[in-house]
Student: 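Sharing a structure below in structure tokens format, with a few things to ask.
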Amino acid sequence: MSEINDWNATVIREFRANGGVVGGQFSGTPLLLLHTTGARSGKAYVSPLAYTRDGDRVVIIASKGGAPENPAWYHNLRANPQVKVELGGEIFEARATVAAEPERTRLFNQMGAQMPGFLEYQRNTERIIPVVVLERLS
């Protein structure tokens, strides 16, 4: 297992053991677990991600810490937009949609106002960091 996978596994265990609350560098940060299906492999993946809300919708950012490429989970949900979300103690199915302008900028700035690190990530890369909206399926 890679170092990032080990780190994610630790965050996931802590998230599940504490009803969605994680300490350390994520103390006070709203986190969710995003379940995606691999675009090529068809394998199940779980990614811990910071989120914000926009009404009833949940918003996540494909920042990858400002890396020049999008994270793997983003490619997976583009290929398979039906995802599962763990939020606190709740688990639900959702449809993932990539926000288009001007909504993308509004939602990105909303996240940046709550978590300024995302603004720094955008400054550190030439790509436009995608914003993904998760809408609960009934």
Student: Students often mix this up, so state it plainly: with edges at 30° and 60°, are the rings of F118 and F108 parallel, tilted or perpendicular?
Tutor: perpendicular

Student: Let me see the working for D56 and R136 under side-chain contact (heavy atoms from CB on, under 4.5 Å), right down to the final yes or no.
Tutor: CA-CA 8 Å; D56 291 339; R136 183 185 300 259; over 6 Å; no

Student: Identify the two heavy atoms, one from V132 and one from A96, that lie closest to each other, and give their separation to 0.1 Å.
Tutor: CG1-CB, 3.9 Å

Student: Closest approach of R104 and A99, non-hydrogen atoms and distance?
Tutor: CB-O, 3.5 Å

Student: Between CG of N109 and CD of Q114, what distance do you get to the nearest 0.5 Å?
Tutor: 11.5 Å

Student: Give a yes or no answer on whether the side chain of E120 reaches the backbone of N124 with a donor-acceptor pair at less than 3.5 Å.
Tutor: no

Student: Check I129 against A62 and note the closest heavy-atom contact, atom names and distance.
Tutor: CG2-O, 3.4 Å

Student: Main chain of V58, side chain of E135: is a donor-acceptor contact present, judged purely on distance under 3.5 Å?
Tutor: no

Student: Do L49 and V98 sit in one hydrophobic cluster, given that two such residues count as connected whenever their side-chain heavy atoms are within less than 4.5 Å of each other, even indirectly?
Tutor: yes

Student: Run H35 and V46 through side-chain contact (heavy atoms from CB on, under 4.5 Å) and show every step you take.
Tutor: CA-CA 4 Å; H35 295 248; V46 180; 3.4 Å; yes

Student: May I ask you to test the P81-T97 pair for a side-chain heavy-atom distance under 4.5 Å?
Tutor: no

Student: Quick check on the hydrophobic clustering: are L32 and V11 connected, directly or via other members, by side-chain heavy-atom contacts under 4.5 Å?
Tutor: no

Student: Same hydrophobic cluster for Y51 and V22, using side-chain heavy-atom links shorter than 4.5 Å among ILVMFWY?
Tutor: no

Student: Could you tell me the separation between the CZ atom of R40 and the NE2 atom of H75, rounded to the nearest 0.5 Å?
Tutor: 9.0 Å

Student: To the nearest 0.5 Å, what is the distance between CG (L31) and CG (L34)?
Tutor: 12.0 Å

Student: Indicate the atoms forming the closest heavy-atom contact of T125 with A67, along with that distance.
Tutor: OG1-O, 3.3 Å

Student: To the nearest 0.5 Å, what is the distance between CD on Q82 and CG on L77?
Tutor: 12.0 Å

Student: Taking all non-hydrogen atoms of both residues, which atom of V85 and which atom of A94 are closest, and how far apart?
Tutor: CG2-CB, 4.0 Å

Student: Applying side-chain contact (heavy atoms from CB on, under 4.5 Å) to V131 and E103, what does each step give before you reach the verdict?
Tutor: CA-CA 9 Å; V131 173; E103 183 180 45; over 6 Å; no

Student: What's the separation between atom OH in Y74 and atom NZ in K64, rounded to the nearest 0.5 Å?
Tutor: 13.5 Å

Student: Cluster question for you: counting only ILVMFWY and a side-chain heavy-atom cut-off of under 4.5 Å, with indirect links fine, are I128 and L119 together?
Tutor: no

Student: Could you tell me which non-hydrogen atom of M111 sits nearest to which non-hydrogen atom of T52, and how far apart they are?
Tutor: CE-N, 3.9 Å

Student: Any donor-acceptor pair under 3.5 Å linking the side chain of Q110 with the backbone of R53?
Tutor: yes

Student: Where the side chain of N76 meets the backbone of T36, is there a donor-acceptor pair that is under 3.5 Å apart?
Tutor: no

Student: So I60 and W73, side-chain contact (heavy atoms from CB on, under 4.5 Å) or not? Walk me through it.
Tutor: CA-CA 11 Å; I60 54 177; W73 64 259; 3.6 Å; yes

Student: In Å, rounded to the nearest 0.5 Å, how long is the span from OG1 of T10 to CZ of F15?
Tutor: 15.0 Å

Student: Tell me if the CZ atom of R78 is crowded by more than 12 foreign heavy atoms within 6.0 Å.
Tutor: no

Student: Check the hydrophobic clustering (I, L, V, M, F, W, Y; side-chain heavy atoms under 4.5 Å; chains of links allowed) and say if V133 and F92 are grouped together.
Tutor: no

